[in-house]
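Sequence lines set the chain letters: A, B, ... in the order given, protein chains first and strands last, and positions in each chain run from 1. All values below were derived from every heavy atom in this structure, side-chain atoms included, with hydrogens, water molecules and symmetry-related copies excluded.
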2 protein chains.
Amino acid sequence: MRKIKGSRRPEILDAALAVAAEDGIDALTMRTVAARIGVTPMAIYGYFRNKDELLDALVGRILADVTPPPGNLSWSETILGLAVEVRAVARRYPAVFPLLFTRPAVHPSAILIVDRLFDALLRAGVEPAQVPRVERMISTFVLGYAVSEVGGRFAEGSLDTRSRRAQLAPDQLPGHRAVAEQLDAPVDWDAEFRADLEGLLAVVTGPGAPGRRQPADLPAPTG
Amino acid sequence: MRKIKGSRRPEILDAALAVAAEDGIDALTMRTVAARIGVTPMAIYGYFRNKDELLDALVGRILADVTPPPGNLSWSETILGLAVEVRAVARRYPAVFPLLFTRPAVHPSAILIVDRLFDALLRAGVEPAQVPRVERMISTFVLGYAVSEVGGRFAEGSLDTRSRRAQLAPDQLPGHRAVAEQLDAPVDWDAEFRADLEGLLAVVTGPGAPGRRQPADLPAPTG
DNA sequence: ACCTGAACACCGTTCAAGT
DNA sequence: ACCTGAACACCGTTCAAGT
């Protein structure tokens, strides 16, 4: 594997990102990526052992786009800022972002983000023993929400649409019936994401939360 | 598409599940699935328009394995029970479960689960206007956690392991340094999942939560 | 050190044909 | 109604060879 200075690895990863952006993840093949930088498919094997390793590196490349917030922010502003950044990156690379959920977060860029979260949670007064757990909880929610949005899991649909899909009469979906009006209303995803996050931060640091040590600067919920 | 009685669709889906369980998602091809039920690859196209439609149906098949809790449980027992079931199903089908996050939840089995969640949240006193949002929050966390576990995203690793991966000195990861002892300790994933969920339920229904209407039977956190 | 070219064992899918 | 068989345009990847 050539990892020397002047390696074309970044060039290849950018080409992969471009191919996926234009034609989707299925179009991202060794052959299309190679063609985009004007080489033969086999040339890529000089930089990545195989396609799997290329996709792993792509995960690192995507997370490298998450610009960390400045160091002088409060713990809650830091976490919210990182979350908003991650979600913005998901929207920037919708076709490939779901890869983040299937491949281990072992890249330098991922570890740097986790480190900022650890630090912010400690400043929030979370007990060190609870910090890794809370970090997993927050990053799971943030990644999950971002992937759900870009992957189409948050399919909207009226009561009628949903009961048709379920092949059931509306009466057999009492929960849906009770909130039918809400299912017709458009969703403000930005506001929902923020409200959810603020709720999450409240639970991990709020009064009575397990692993809580001292008061913190949690903002009032705005949702 | 043959959707008549006596269709072999269930047989095909079970074969797909078996192939993935034995040899992984990459081995799940039209050809291997066909071979497993003793037909030619082209026979499958009589039941599914293409591979994508087969995978979509597989998502429904997986969720159909989630046995809904009995109707006489409290709202919190209902939600916890569903969550535990979903996580159990993820562990049953680790190779294919991540598909749930990439494909819209429009299958009858998915809608039935959502309906139970809607109902439980209403019983918890969540305002109808907030119910769909809270449902998305909970299901995003539950699915995200389950996928992270089976997909290996929750890679454990000591401070040393992580700083090596990050290609950084431990000093450049102050957050990790501060919780280094925790990174060496083994994680009780069952307990963590439960503690996280109870925290989540507390935030959506606890005192001061947005969309709260009346007291509810939230259990005390056990984590 | 870096890249090419031919080849191999696979894919998903179309089309025409069989019973 | 259900399935087969041959064929097509792709894949990822190996190997040997070029400069």
K.L.:
Between Arg31(B) and Pro41(B), which has a closest nucleotide on DNA chain D that is more 5'?
P.N.:
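On the 5' side of the pair lies Pro41(B).
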K.L.:
Atom CG of Asn50(B) and atom P of dC11(C): how far apart are they, to the nearest Å?
P.N.:
17 Å
K.L.:
Whole angstrom is fine here: how far is it from CE in Met30(B) over to P in dG12(C)?
P.N.:
7 Å
K.L.:
Salt-bridge test for Asp196(B) and Arg136(A): reply yes if a basic N is under 4.0 Å from a carboxylate O, no otherwise.
P.N.:
no
K.L.:
Within 45° of the six-membered ring axis of Tyr145(A) and under 6.0 Å from that ring's centre, is NZ or CZ of Arg87(A) located there?
P.N.:
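So Arg87(A) doesn't make the cation-pi contact.
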K.L.:
Let me know the distance between CD1 of Ile44(A) and P of dT4(C), rounded to the nearest Å.
P.N.:
10 Å
K.L.:
May I have the distance from Lys51(B) (atom NZ) to dC10(D) (atom P), rounded to whole angstrom?
P.N.:
18 Å
K.L.:
Would you kindly give the CG-to-C1' distance between Asp23(B) and dC10(C), to the nearest whole Å?
P.N.:
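Atom-to-atom, Asp23(B) to dC10(C), this comes out as 15 Å.
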K.L.:
Nearest whole Å is fine: how far is dG12(C) C1' from Phe48(B) CZ?
P.N.:
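My rounded result for the distance is 16 Å.
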K.L.:
Kindly say whether Arg49(B) contributes a backbone atom to a donor-acceptor pair with the side chain of Glu53(B) at under 3.5 angstrom?
P.N.:
yes
K.L.:
Does Tyr47(B) have a side-chain nitrogen or oxygen under 4.0 Å from the phosphate oxygens OP1 or OP2 of dC3(D)?
P.N.:
yes
K.L.:
Taking Watson-Crick and G-U wobble pairs with both distances under 3.5 Å, convert DNA chain C into its dot-bracket string, 5' to 3', dots for unpaired and | for cross-strand pairs.
P.N.:
||.|||||...|||||.||
K.L.:
If the threshold is 4.0 Å, N to carboxylate O, is there a salt bridge linking Asp115(A) and Arg177(B)?
P.N.:
no
K.L.:
dT13(D), OP1 or OP2 - any side-chain N/O from Tyr45(A) closer than 4.0 Å?
P.N.:
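Checking Tyr45(A) against dT13(D): at least one side-chain N or O falls below 4.0 Å of OP1 or OP2.
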K.L.:
Measure from the side-chain heavy atoms of Met42(B) and tell me the nearest of dT4(D), dC11(D), dT14(D).
P.N.:
dT4(D)
K.L.:
dC3(D), OP1 or OP2 - any side-chain N/O from Thr40(B) closer than 4.0 Å?
P.N.:
no
K.L.:
I'd like to know if the side chain of Thr32(B) reaches the main chain of Ala27(B), judged simply by a donor and an acceptor atom lying under 3.5 Å from each other, with no hydrogens or angles considered.
P.N.:
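Side chain of Thr32(B) to backbone of Ala27(B): a pair is present.
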K.L.:
How many Å lie between CG on Asp26(B) and P on dC11(D), as a whole number?
P.N.:
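Atom-to-atom, Asp26(B) to dC11(D), this comes out as 16 Å.
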K.L.:
Is there a side-chain polar atom (N or O) of Arg49(A) under 4.0 Å from OP1 or OP2 of dT13(D)?
P.N.:
no
K.L.:
On a heavy-atom basis, which atom in Thr140(A) and which in Phe141(B) lie closest, and how many Å separate them?
P.N.:
CG2-O, 4.0 Å
K.L.:
Between dT13(C), dT4(D), dC3(C), spot the one nearest the side chain of Val39(B), thanks.
P.N.:
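The nucleotide sitting nearest to the side chain is dT4(D).
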K.L.:
In whole Å, I'd like the distance from the CZ atom of Arg9(B) to the C1' atom of dC2(D).
P.N.:
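For the pair Arg9(B) CZ and dC2(D) C1', the rounded distance is 16 Å.
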K.L.:
Applying side-chain hydrogen bond (donor to acceptor under 3.5 Å, both in side chains) as the test, list every pair that has at least one member in residues 17-28 of chain A; sequence neighbours left out.
P.N.:
Glu22(A)-Arg36(A)
